[in-house]
Structures are given as structure tokens and as C-alpha cells.
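One structure is given here, and the rest of the page talks about it.
FYI, side chains are in, hydrogens and waters are out, and symmetry mates aren't considered; it's all heavy atoms of this structure.
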Amino acid sequence: MRLSGPVTGGTKGWAFGGSTADLATAGYCQEEYFVEGDAVRYEPLPGTELDWSGRWHVQPVDTAPYKTRMVVVRPTDPAAFNGTVIVLWNNVSAGYENFGGGDGAEFFESGYAYAAVSAQRVGVHGTRDNPQGLRAWDPERYESLSIPSDDYSFDIFTQVASLVAPDRPREGLDPLKGLEVRRLFAQGASQSAARLATYFNAVAPLTPRFHAFFLVMYFGAGTSLEVGDEVMTVQAASEGSGPRIPEGEHLLRDDLGVPLMVLNTECEATSYYGVRQPDTDRFRYWEVAGASHVSLQAMASSAARMTRDFGVSIPLEEMQGINQVSLAPVVDAALHHVQAWVSEDISPPVQPLIEFRGDPPEIVRDDNGIARGGIRLPQVEVPLAHNSAIRRGPDVFSRLVGSHESFPVEKVRELYGSRENYLTNFAEAIRAAQEASIILTRDADPMLTEAAEQIPM
């Protein structure tokens, strides 16, 4: 395996998908590196299968050459580093890469570093019909990159992670510039969470590289170990020309002794319901009522990157009907808990799950269509609108974005009587969320300010 960089140049002059935060003000810097070598793929051991239990047994088979990249974001002052590197499995469901983490206040204010890994073929090569991968986006910078198949992605992820690990090679080029790493977390969202589930069940027993796993918006099943030339994107799934993310097919193994955190919205919770597992000292599962796979806030947070990398503007004003409960504060709280879990052996608090009823099971909702149970953010507990994962159309995008419908002023007045009463109730909900450890202190005041701006009376 060979590491080269930091990478510069190209026709665009910057790393695709990189941070749009003011890194210098936050005391951070960003660098991109190329990694090349030979990766193995895995297959089930003869006589075994990838079964319901999640305790899968695999073996490495043939190897293939690859060349990929990682984007490293780290504190510039070693004293500000908290010792944890988050290795992000870049998400490729859009046909190009999204990092899926490392952009929250918890990341910057608590001193993490991350390495965003391009592990899948689509991220580098794009799709045949719509090549938006790295090579097409900036051929001068990325044309030398190559990933033969997603079959090799699991070992590519391990190999790149080893370059930012506590026992990484220190002679020569160090992408962390000497930072003392004590912990390595693996994190992925959506399709990347499904890939990490397969990694956790099948590969982690052979390559005990990570100190914790954090799966965000996980539908309850890992992706296949062996796909050949097949790729998984939202467009292909919607057209029927490619696979969808698998849902609710198996458990996550419980014998590794490695902390595993799963955080879902109600969108994924329906698929995950049949594979729910009890919380243990090494497994924690959270569900957020009223939230969906994609929110308006998430779309807004990607707007600057879309403008920079693609020169397009997201028409947010035309998307007011999609879910408007941000998952970001809970992601930050969950990451904070995972850090304490690994560094201090303090387990994350157990949280109530969303209520289901019926066969097939469906989410139980109140008179406003809001899910009962689960983690309840203040805007769900003291609502000014209906927010849910209820889809408003048959397409894949509608499945992910859920719905939002503001209450009429008359209903708001009926519920709360006055502006002052609403804000008092909202402040109490914020305090309850803090006491439950589902939001961090830094998010309390912004939430109350936003509530004061949104109330229509």
C-alpha cells in the first residue's frame, strides 16, 4: 500500500465533496491523499451463509489493484485533538460522493479528526449513463483513481483506516501530522450504514481495526459481499435498473465486544422494526420520532457544497413540504455518547422506541399524524406542524423526504393560547431533551430562538 499527497491541482483546484465550513476559524485544516495497493474481497466460508444471526463467517479470496483517495480534516493544534479519528464511509447513493458526517458542532468543538474514504466504485467512476464520479468531475486531478468493484470496498476501507490509526506507520508521510490517535470510529449513513453493517458482521472479526461503529439511518440489513459490476444508486433503484438498499433482513452480531450505536429516524424504523435488538453494554439503538431520512435542513446544509462542486442551487423554497425535523442535534449527542462510551466506559442512555401496532406493523400516530414514542425533539413534542416520514408520492425521493405541513394559526392558538405559553412549553421540552441527553447544551438556545421566529402569533 502506498500513500501520496497532499493532493493539489486539477482543473477545479479543490477536493470534491470537501468541507464548506470555515476551517481556519475553527482551528482545522483539510488535506486530500491518494492511496493505492491491492485489496482482497470476501466470500462466505464453505458451508456457511450470511444468515439472520449476523454472526457471519467469511474468508478473503482473490486480490485486485486499486487507487483511491481520502480527505482528512484535523485540528491544526495537536493540543486541540481529542484523540479520536472518525473514518467516514463516503455515501454514493446520489451517483457521487457525500461524506455523511464530520460537519456538526460536536465534531469541531470537541476536537475530532476525520478521514473520508472513497471506498466504492461509483464514487470514483460514476455510473455509465451519468458519470458524476471523481474521474469525470476533474480528470486532471482524479483520472488515475480506479476501484474494480464494490466487492473490494471492505478491504479498501480497512487499509485506508490503518493509515490514520493509533498504530499507523509514522515514518515518511503521515496524513495526521503526528497527532496522537487513541481511538478509531467507523461511521456511515444510509447506504454507507448498510455497508458498515456487513463490515461489522463479516469483516470486523477478521480485522479488529475500529474501537466503535456508528450507523446512522440504517434500514436493518447489510449490503451484499459480492456484487461484481453492480452498483447501488437512488436513480438506478427508482428506474429498476439497480438494487435497492436491503431492509430488515438480519441482526447485528453481538459477540465482538465493540460498541455499536445505531441511530434511526422513523423512516428507517419501520424497516428496522423486525430486527430490533435489546440494548446491551455494547449495543445501543435510538429512534427519532417525527424525523425522516432527508430533511429540509439537511438539504440546506448541502447547498453550499452543491453550488461549489456542481454550480447548481438547490431550490429550497420549492421544497417546503418535505420533513423539517433536523436529525443533526441527535447525531451530535450520539457521537458525544459514543466518545464517552469508548474513552470512559460510560454507556449511552437507553431511549424509548417509536410505538408500532398491527400486522404488518405500522407506526402509532396521534391526532396530528405525529409518531408516538421514540426520541422526541422539542419541535415534535411541542409542534407547530405535522412532521413525519409519511410519503407523499410513489417515487424513491418521496420515500426519503417524508412530509411537513404547518398548522393553521387557529390550531396553534387552540393548542397554546398565546405566544408566551408556547415558548414556555417549548423551553420545558428543551430542558427535558437535555436531561434525556438527546441534545447537547450548545443546541438549546438556538432551538429556542428558532421556535420564537417560527411561531405564527
> Sequence neighbours excluded, which residues qualify as side chain to side chain donor-acceptor pair (under 3.5 Å) partners of D77?
Replying inline: none
> Would you say the side-chain atoms of Q297 and S326 include a donor-acceptor pair closer than 3.5 Å?
Replying inline: no
> Will you find, in the side chains of R183 and N82, an N or O donor that is under 3.5 Å from an N or O acceptor?
Replying inline: no
>> More than 12 heavy atoms of other residues, nucleotides or ligands under 6.0 Å from CG of D167: yes or no?
In response: yes
> Does the salt bridge (Lys or Arg N to Asp or Glu O under 4.0 Å) test come out yes or no for D155 and R41, once each step is laid out?
Replying inline: CA-CA 7 Å; D155 192 36; R41 64 181 181 87; over 6 Å; no
> Partners of Y272 by ring pair (Phe, Tyr, Trp, His ring centres under 6.0 Å), sequence neighbours excluded?
Replying inline: Y218, Y285
> Is D345 paired with R282 through a side-chain N to carboxylate O contact shorter than 4.0 Å?
Replying inline: yes
> Do the side-chain N and O atoms of Q191 and Q120 include a donor-acceptor pair separated by under 3.5 angstrom?
Replying inline: yes
>> Would you say D395 and S398 are linked by a side-chain donor-acceptor pair, where the criterion is simply a distance under 3.5 Å?
In response: yes
>> Test: ring pair (Phe, Tyr, Trp, His ring centres under 6.0 Å). Region: residues 358-392. Which pairs qualify, not counting sequence neighbours?
In response: none
> With no hydrogens and no angle check, do the side chains of S118 and E97 hold a donor and an acceptor under 3.5 Å apart?
Replying inline: yes
> Who are the side chain to side chain donor-acceptor pair (under 3.5 Å) partners of R365, not counting sequence neighbours?
Replying inline: E266
> Do the ring centers of F219 and H293 come within less than 6.0 Å of each other?
Replying inline: yes
>> With salt bridge (Lys or Arg N to Asp or Glu O under 4.0 Å) as the criterion, how do E362 and R357 come out once you've worked through the C-alpha distance, each side chain's angles and the decisive distance to 0.1 Å?
In response: CA-CA 5 Å; E362 295 184 354; R357 184 171 55 213; over 6 Å; no
> Should N201 and L50 be marked as a side chain to side chain contact (heavy atoms under 4.5 Å, CB included) after you check the CA-CA gap, both sets of side-chain angles, and the distance that decides it?
Replying inline: CA-CA 9 Å; N201 279 355; L50 308 184; over 6 Å; no
> E287 and Q351: side-chain donor and acceptor closer than 3.5 Å?
Replying inline: no
>> Assess whether a salt bridge exists between E381 and R376, defined as any Lys/Arg side-chain N lying under 4.0 Å from an Asp/Glu carboxylate O.
In response: yes
>> Determine whether the aromatic ring centres of residues H336 and W341 are separated by less than 6.0 angstrom.
In response: no
> For T207, what residues pass the side chain to side chain donor-acceptor pair (under 3.5 Å) criterion, not counting sequence neighbours?
Replying inline: Y199
> Are T84 and Q339 linked by a side-chain donor-acceptor pair shorter than 3.5 Å?
Replying inline: yes
> Quick one: ring pair (Phe, Tyr, Trp, His ring centres under 6.0 Å) partners of H211, sequence neighbours excluded?
Replying inline: none
> Judged by modelled atom types alone, do S388 and S403 share a side-chain donor-acceptor pair under 3.5 Å?
Replying inline: yes
Would you list the atom pairs, donor with acceptor, under 3.5 Å between side chains in residues 327-334 and any protein atom, with sequence neighbours excluded?
from : atom 1 : to   : atom 2 : distance (Å)
D332 : OD2    : A105 : N      : 3.4
D332 : OD2    : E106 : N      : 3.2

> Between the side chains of S153 and R195, is a donor N or O closer than 3.5 angstrom to an acceptor N or O?
Replying inline: yes
> For D254, what residues pass the side chain to side chain donor-acceptor pair (under 3.5 Å) criterion, not counting sequence neighbours?
Replying inline: R55
>> Looking at E31 and R69, is any side-chain nitrogen of the basic one under 4.0 Å from a carboxylate oxygen of the acidic one?
In response: no
> Which residues satisfy the side-chain contact (heavy atoms from CB on, under 4.5 Å) test with Y273, sequence neighbours excluded?
Replying inline: R276, F356, P361
> Who are the ring pair (Phe, Tyr, Trp, His ring centres under 6.0 Å) partners of F154, not counting sequence neighbours?
Replying inline: W89
>> Quick check on the 6.0 Å ring-centre criterion: do F213 and F185 meet it?
In response: no
>> So, using ring pair (Phe, Tyr, Trp, His ring centres under 6.0 Å) as the criterion, who are the partners of Y96 when residues are at least two apart?
In response: F310
> With sequence neighbours left out, what residues match P148 under side-chain contact (heavy atoms from CB on, under 4.5 Å)?
Replying inline: A64, Y66, Y152
